[in-house]
Number of protein chains: 2
Amino acid sequence: MKTIKLRDKLIEKGLKVTPQRIAILEAVHKLNSHPTAEKIFDFVRKDHPNISMATVYKVLDALVANGLLSKVKSEKDSMRYDAVTDKHHHLYSSDSEDIADYYNDEINKILSDYFKEHNITDFEIEDVRLQIIGKFKNRN
Amino acid sequence: MKTIKLRDKLIEKGLKVTPQRIAILEAVHKLNSHPTAEKIFDFVRKDHPNISMATVYKVLDALVANGLLSKVKSEKDSMRYDAVTDKHHHLYSSDSEDIADYYNDEINKILSDYFKEHNITDFEIEDVRLQIIGKFKNRN
DNA sequence: TTATGTAAAGATAATAATTCTCCTTTAAGA
DNA sequence: TCTTAAAGGAGAATTATTATCTTTACATAA
Ligand SMILES: [Mn+2]
Ligand SMILES: [Mn+2]
Ligand SMILES: [Zn+2]
Ligand SMILES: [Zn+2]
């Protein structure tokens, strides 16, 4: 995604446009691997050697709160960040920390139709996400 | 679940039977709310005032590794533990830290049938779990 | 039944991830 | 250009978890 686009998204949300925010947004897009805050920090530091870890966390929080990024749960202690904010699911590796995106509108429809007919007692569904656990093949 | 049952499960797995292990297993069963290590510690401490937090973590790890408990991912920093080790899904509250179990064999079959016919490129599925996010109603 | 080896428990330090506090800088609008 | 609120940087603090080291006690066999 173009920097100018990211800039517009920030403005749209009433957030100040700062080099750090642009850099962090770009980093998550470029890394494209559900990076941790640490990974993002290391990447951004190349161009912004004075950026602080606290800034990374504060910016990530703000971007997630405004829907420009999303958070992904992981088995490990650290949070993972995601440039994809559209509805999608995740493939989790059972033997590494790899997480991959999984888009499937067919299954979205199956689930949405199912839960339209079978509602859960005392629970109002807002979103349904799949955690697909398994092994990535052809990795070298 | 009876203490004697828990004792047998430990023996079956070749784990030494200790009062701490029994107490922690019982605690997770009794709390029945996907408790954190801290919550488990507080509960167990009533009967075992000398138990250490390190023991709680070590025992939880051992029990999870041996399939007597399971772990549940959460949005927050801390892990949650689950007495239910059978296949099931989770309802996550979008406005609190509540997590509830959700069993549904019908949907298990739908998903398993679906993925039997539509396999994911370069990925071998081991398990599919639903994260159902929404709001619990009738809570007081 | 007691002795003994080993796995586990307890105390506490260390580490890792995240948040907070406080001060300085800067983006954006007047 | 000036003003000001919002954001960034440095580092301390907090929280969750893990590691290390010593002591205890479960399990088994003499
Ligand atoms: Mn943490
Ligand atoms: Mn941690
Ligand atoms: Zn994703
Ligand atoms: Zn559960």
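Convention: sequence-line order gives letters A, B, ...; per-chain numbering from 1.
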Practice problem: Respond yes when some side-chain nitrogen or oxygen of B:Y57 is under 4.0 Å from OP1 or OP2 of D:dT17, and no when none is. | Solution: yes
Quiz item: Just how far, in rounded Å, is C1' of D:dT18 from NZ of A:K76?
Solution: 13 Å
Quiz item: Rounded to whole angstroms, how far apart are CG on B:L60 and C1' on D:dT18?
Solution: 13 Å
Practice problem: State which of D:dT17, C:dA9, D:dA27 makes the closest approach to the side chain of B:V59. | Solution: C:dA9
Quiz item: Between B:T18 and C:dA8, is there a side-chain N or O to OP1/OP2 distance below 4.0 Å?
Solution: no
Self-check item: side-chain contact (heavy atoms from CB on, under 4.5 Å) partner of A:V128, chosen from A:I107, A:L111, A:N108
Solution: A:L111
Practice problem: Classify the side chain of A:K16 versus the base of C:dG29 as yes if they form a donor-acceptor pair under 3.5 Å and no if they do not. | Solution: no
Quiz item: If Ile, Leu, Val, Met, Phe, Trp and Tyr residues are connected whenever their side-chain heavy atoms lie under 4.5 Å apart, and connections chain through other members, are A:L130 and B:I110 in the same group?
Solution: yes
Exercise. Compare the minimum distances between each of D:dT17, D:dG8, D:dA7 and the side chain of A:D77, then state the nucleotide with the smallest one.
Key: D:dT17
Quiz item: Just checking A:P49: base, sugar-phosphate only, or nothing, at a heavy-atom cut-off of under 4.0 Å?
Solution: nothing
Practice problem: Output the single nucleotide from D:dT17, D:dA10, D:dC26 whose closest atom is nearest the side chain of B:P19. | Solution: D:dC26
Quiz item: Separation of B:L15 atom CG from C:dA8 atom P, in whole Å?
Solution: 6 Å
Exercise. Check whether any side-chain nitrogen or oxygen of B:Q20 sits under 4.0 Å from OP1 or OP2 of D:dA25, and answer yes or no.
Key: no
Practice problem: Consider the side chain of A:D61, meaning its heavy atoms from C-beta on, and name the nucleotide among D:dG8, C:dT19, C:dA8 that approaches it most closely. | Solution: C:dT19
Practice problem: Would you tell me if any nitrogen or oxygen in the side chain of B:S52 comes within less than 4.0 Å of OP1 or OP2 on C:dT12? | Solution: no
Exercise. Indicate, with a heavy-atom threshold strictly under 4.0 Å, whether A:T55 touches base, sugar-phosphate, or nothing.
Key: base
Exercise. Say whether B:D82 and B:H90, considering side chains only, have a donor N or O and an acceptor N or O under 3.5 Å apart.
Key: yes
Quiz item: Are a donor atom and an acceptor atom from the side chains of B:S94 and A:E126 found within less than 3.5 Å of each other?
Solution: yes
